[in-house]
J.: 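Right, I'll just put the structure down here and ask away after.
Both counts, for ligands and for their atoms, begin at 1 and track the order of listing. Computed from a predicted structure; not experimentally measured.
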Amino acid sequence: MSSDAGSFDDLLHEDRRFPPPAEFVAQAAVDAEDLHRRASEDREAYWASWAEELDWFEPWETVLEWDPPFAQWFVGGKLNVAHNCLDRHLRGSRRDKTAILWEGEPGDTRSFTYSELHKEVSAFANALRGLGVGKGDRVTIYLPMIPEAAVAMLACARIGAIHSVVFGGFSPESLADRNNDAEAKVLITADGGWRRGKVVPLKANADKAMERSPTVESVVVVRRGGELSQQVDARMKSGRDLWYHHLVEEARPECPAEVMDAEDILYILYTSGTTGKPKGVVHTTGGYLTQAYATTRAVFDLQEDDVYWCTADVGWVTGHSYIVYGPLANGATVLMYEGAPDHPDRGRFWELCQNYGVSIFYTAPTAIRAFMRWGDQWPERYDLSSLRLLGTVGEPINPEAWMWYREVVGGERCPIVDTWWQTETGAMMITPLPGHTETKPGSATRPFPGIDATILDEDGDETSSGYLAVTSPWPSMLRTVWGDEERFRATYWSKWDDVYFPGDGAKRDEDDYLWILGRVDDVLNVAGHRIGTMEVESALVEHPATAEAAVVGKKHDIKGEAIAAFVTLKEGRQGTDDLMQELRDFVGSKIGSIAKPEMVVFTADLPKTRSGKIMRRLLKDIAEGRTVGDTTTLADPAVVQRLQAQHEEKG
Ligand code: WTA
């Protein structure tokens, strides 16, 4: 956080203000003042009123039972998430409304109405049941961005199976770790997917992962179709592997939705923390859906004829809450795109916005910074007049990128919602409401109605600059870490009494606006992806040449942060450029390409305190080319001088 504090002074001088446009105020999907008033009068009744907009098989008895750190929402209530995302819309005109518009990277297209999606999900749900998957069983989903990803998630939800979606960019090893931690019974994958004109070999990765995934009994393989499936000859292992399209063809298209308790688990999603092992964040049914539903409607000002596009991958929480569950629970039309933003050229996203008439566009600051770098000519080449609202998520957005987004993409007419939240929070927590909140470039503004977020110091006292904190339970909060209650308590609930610690630093300005400064723990945010420094370190030390490794985040113009690794080698090993490349690839093969260090520095020693703790702060200073501060607590201050000299030499 120390390195961010400087730039915050600039933010404090940010005096641009953008009041909500008049049309938004006049036609807002929600009455923000009413929400705020009701939330402050009776928070539980307020959340219950959102929950009442969903279909419940049986009503709840109690809105909230809070036995810190364990919350239960809508206790005793029964519902099904897939029923709420599909069946509920079949009664009226939404039946034939488009639910999913999809475009593959090569330009192939598909679409599903709500009734078609309902049929596909029901058939696949029956197929899963046929494979012996029942309520509470875990299913891993390792798919590209194709409609079947949403179908698979909803099919699990329909039968009460717990899904664990693993981002397609993760390595076989990461996939196997997640299969094993969750003790998954079935793995759903595809022959491959397209990314920047290349095939992502998902089935081949899955096969490798299966070599050490003893709990997985069946592998369901989706045929991506088109040229890809002609190129990739997926080797199907008999008795284990099954084609998705065969299963769906043979399955009955009616499948009654399982009656789920509000607190039954909907999904596990693995995310990086401060140890080498990712944690399985657990989300349940009623509270999660309520908050995903409410925030989608209110923050995106969702109207019936909107075409909504969130550019995230379903492998991340944003894809869960804001491609699948939130939008479909609202009966929205969702655009899904398979591939990269610069394929075949840098105008692809804008071409998609134009061709599909996208009205709500939600992406990450890292993408916005890349677009900015690529130049105004790309968005300017397309008709973006259908856009009416822009959103960002995943990391702090710098005011310059925010302004560019507003002016060049949004034509100065679209409000921007900068939404702060996390895998753990399940849904948006701090965000503007577009028909209500005056925005400031770079600030996520204020908590969503019904969310109690503030800034505390180490002792738990209110301050204007310190740690972000959530002081009351919220419906979509994580319930635990899968199989590790102790880690759940220790990570999120041990800093203060009964207050949630998200791990972010924040400041409050004179208007009570919150400015999120980024992580204060050993979690990096690389191009909006969460990666633990310890995960990368554990991968590095598995390499036979490595003696010790320390990993830090280094400021990066586009990715926000890039990974810098400091490595000491075993006796007799030389720090060559080849070894550098080998180490980068090694990390890629262990975790996934997103975790490859951008910079590897070989060093004879790492700076350590006298008690042996690696001083990452100093390494960060070195990686970012800053003068190193206080080194008095170092065991051997000369280490830093050597490293710095070495780094300067390399330029
Ligand atoms: C960061 C993504 C500033 C933050 C939904 C958080 C943000 C982490 C914002 C969670 C934002 C997310 N402004 N920082 N609007 N949104 N972050 O779990 O550090 O992948 O803790 O969830 O991203 O990342 P995660």
J.: Would you say the rings of F501 and Y492 are close, in the sense that their centroids are separated by under 6.0 Å?
T.: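 No, the ring of Y492 stays outside the 6.0 Å limit from the ring of F501, centre to centre.
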J.: Sequence neighbours excluded, which residues qualify as side chain to side chain donor-acceptor pair (under 3.5 Å) partners of T311?
T.: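 Side chain to side chain donor-acceptor pair (under 3.5 Å) check on T311 returns T363.
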J.: For ligand 1, list the protein residues that place a heavy atom within a distance below 4.0 Å of one of its atoms, sorted by chain and number.
T.: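 Its neighbours under 4.0 Å (heavy atoms only) are V317, T318, V393, G394, E395, P396, D418, T419, W420, W421, Q422, T423, D504, I516, R519, N525, R530, given by chain and number.
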J.: Using ring-ring contact (aromatic ring centres under 6.0 Å, His included) as the criterion, list what pairs up with W420, not counting sequence neighbours.
T.: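 Testing W420 for ring-ring contact (aromatic ring centres under 6.0 Å, His included), a comparison that skips the adjacent residues, returns none.
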J.: Below 6.0 angstrom between ring centroids: does that apply to W309 and F349?
T.: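 Yes, ring centres under 6.0 Å apart.
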J.: Would you check, one step at a time, whether the test salt bridge (charged side-chain N to carboxylate O under 4.0 Å, His left out) holds for R530 with E561?
T.: CA-CA 10 Å; R530 260 171 83 163; E561 264 184 313; over 6 Å; no
J.: Who pairs with Y308 by ring-ring contact (aromatic ring centres under 6.0 Å, His included), at least two apart in sequence or on another chain?
T.: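 Counting only residues at least two positions away or on another chain, Y308 forms a ring-ring contact (aromatic ring centres under 6.0 Å, His included) with F300.
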